[in-house]
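The next block holds one structure in the form of structure tokens; read it before the comments.
Chain A is the first sequence line, chain B the second, and so forth, proteins listed ahead of strands; every chain is numbered from 1.
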There are 2 protein chains.
Amino acid sequence: MRADAQRNRDRLIEVAHEVFRERGLDAPLDEVARRAGVGPGTLYRHFPTREALHEAIMATWIEEVAGQVEKAMATEGGCREKLLAWFEEYVALLTRHQGAAAKITASLGCQDSPLRTKCQTYADANESVLAEMADNGVLREGVDNLDVCRLLGGVATMADQSSLAPEDVRPMLDVIANGVLKA
Amino acid sequence: MRADAQRNRDRLIEVAHEVFRERGLDAPLDEVARRAGVGPGTLYRHFPTREALHEAIMATWIEEVAGQVEKAMATEGGCREKLLAWFEEYVALLTRHQGAAAKITASLGCQDSPLRTKCQTYADANESVLAEMADNGVLREGVDNLDVCRLLGGVATMADQSSLAPEDVRPMLDVIANGVLKA
DNA sequence: CAGTGAAACGGAGTAAGTCTCCGCTTGATG
DNA sequence: CATCAAGCGGAGACTTACTCCGTTTCACTG
């Protein structure tokens, strides 16, 4: 790639990050172009669809996921506390941008979505946490990772759309934890 | 209201029902007007916002809710089976139109949404089912109706956006049921 | 059963956003 | 420094949301 193209691409991602945080993932793309000081044509050449731009944005979060798993697993207390700490991180990551939770989770089951690889990282992280629970013998039989990811995605989507505070999210995560762990 | 106005209003609701079922709740409103054989001005006079039209559409479902509660409570088996039957109905009702689940559930906590009265009907119905569970002594302590509604709304939203089949939704409802009922 | 005023209509028009096309510019290369 | 493909930008075509106002229609009254 030519140096100027690379520069524009980087700048677009940076600006998009900013615009999406301010106005949600549905913000006008021409605004991103304008603020980045490029024409719309340039934006669309680099990112043919809105989703492609979302994907580029989210690449930066992905790197944090592994760290968040570790952090959650280091929580004081038993398995339940660790699991809930992870659930809270999961929801916090998904709700970082307005509108992101629904889109990421929707692409979980969809093979051909460009977001697929990103949400796979979340799913893998959750799987590792569930595996830890299973190793400790506290996981119910028949609990499927994909289902838990979807449940958490649903909670994150609700939290996103209703602008719920963490203390309003917590009781929902409690119910899911109860449903996932042995009594 | 003048007779011609009433006629147009009825026709708009009827056509909107059709258009929204075909193309989702985000379908172009001008298309609704065109198919109904009225100008856009007429549509916007009767329904100033998209949400107002949604509300009118959903009024017809609301009447079914009470019946669905009864049907679910008549399910063969124990409390768990009844609860799951109701959960399945709840999700089915919310996913009847593409995009409806997220919007209805989002307006649950929001006092000033025009959808509020509609979703209150769902919340009340769910409350009555939870009360039945409590009466039978199978409900966990501290389970809140609003949280369960949001969880179900989240599941419905995921089902909607990923076009999940009932058999893919069921395991999520199982987890919620586990989380809501005593072990 | 006209006449009349208010209610309601319709559609042209404005605005906002998406996305493409193509003539011009610029960076890399020999 | 000449060349030319890669890349740029922005005008403009298209789509959808929503408004404004001249015209039509209904309901009521004498």
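- When heavy atoms are screened at a 4.0 angstrom cut-off, A/R50 is found touching the sugar-phosphate backbone but no base atom.
- Considering only side-chain atoms of B/A5, the nucleotide from D/dT19, C/dC9, D/dG7 that sits closest is C/dC9.
- Counting to the nearest Å, the P atom of C/dA7 and the CE atom of B/M1 are 13 Å from each other.
- Contact check of residues 10-33 of chain B against DNA chain C (heavy atom, cut-off under 4.0 Å) returns no residues at all.
- Protein atom CZ of B/R35 is 13 Å distant from nucleotide atom P of D/dT16, rounded to whole Å.
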Expected list for residues 143-153 of chain B: side-chain donor-acceptor pairs under 3.5 angstrom, two or more places apart:
unit_1 : atom_1 : unit_2 : atom_2 : d
B/D144 : OD2    : B/L146 : N      : 3.2
B/N145 : OD1    : B/N126 : ND2    : 2.8
B/N145 : OD1    : B/E127 : N      : 3.4
B/N145 : ND2    : B/A123 : O      : 3.1

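- Atom CG in A/L53 sits roughly 12 Å away from atom P in C/dC19 (whole-Å rounding).
- Contact of the B/Y90 side chain with the B/L173 side chain is not registered, since no non-hydrogen atoms from C-beta on lie closer than 4.5 Å.
- Nearer to the 5' terminus of DNA chain C, by closest-nucleotide assignment, is the contact made by A/R34 (compared with the other of A/R45 and A/R34).
- Residue A/L43 contributes atom CG, which lies 12 Å from atom P of C/dT20 at whole-angstrom precision.
- No side-chain donor-acceptor contact under 3.5 Å links A/H46 to the backbone of A/N8.
- A salt bridge between B/E31 and B/R34 is present, with a side-chain N of the basic residue lying under 4.0 Å from a carboxylate O of the acidic one.
- Taking 4.5 Å as the limit, some side-chain heavy atom of B/L29 sits within range of a side-chain heavy atom of B/Y44.
- The side chain of A/D4 lies closest to C/dG27, out of D/dC18, C/dG10, C/dG27.
- Residue B/R2 places none of its side-chain N or O atoms closer than 4.0 Å to OP1 or OP2 of C/dA6.
- Distance B/F47 CZ to C/dA8 P: 13 Å, rounded to the nearest Å.
- At C/dA8, none of the side-chain N or O atoms of B/N8 fall inside 4.0 Å of OP1 or OP2 (strictly under the cut-off).
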Which donor-acceptor pairs under 3.5 Å do side chains of residues 174-183 of chain A form with protein atoms, sequence neighbours excluded?
unit_1 : atom_1 : unit_2 : atom_2 : d
A/D174 : OD1    : A/R80  : NH1    : 3.4
A/N178 : OD1    : A/R80  : NH2    : 2.6
A/N178 : ND2    : A/D174 : O      : 3.4

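- Remark: B/T42 is not in phosphate contact with C/dA8, judged by side-chain N or O atoms under 4.0 Å from OP1 or OP2.
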* To do: Mind running side chain to side chain contact (heavy atoms under 4.5 Å, CB included) on B/E132 and B/K82 for me, showing each step along the way?
  => CA-CA 10 Å; B/E132 180 94 11; B/K82 291 186 204 299; 5.8 Å; no
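- The phosphate of C/dA8 has neither OP1 nor OP2 within less than 4.0 Å of any side-chain N or O from B/H46.
- For A/R9 and B/P48, each mapped to the nucleotide of DNA chain D holding its nearest heavy atom, the one lying further toward the 5' end belongs to A/R9.
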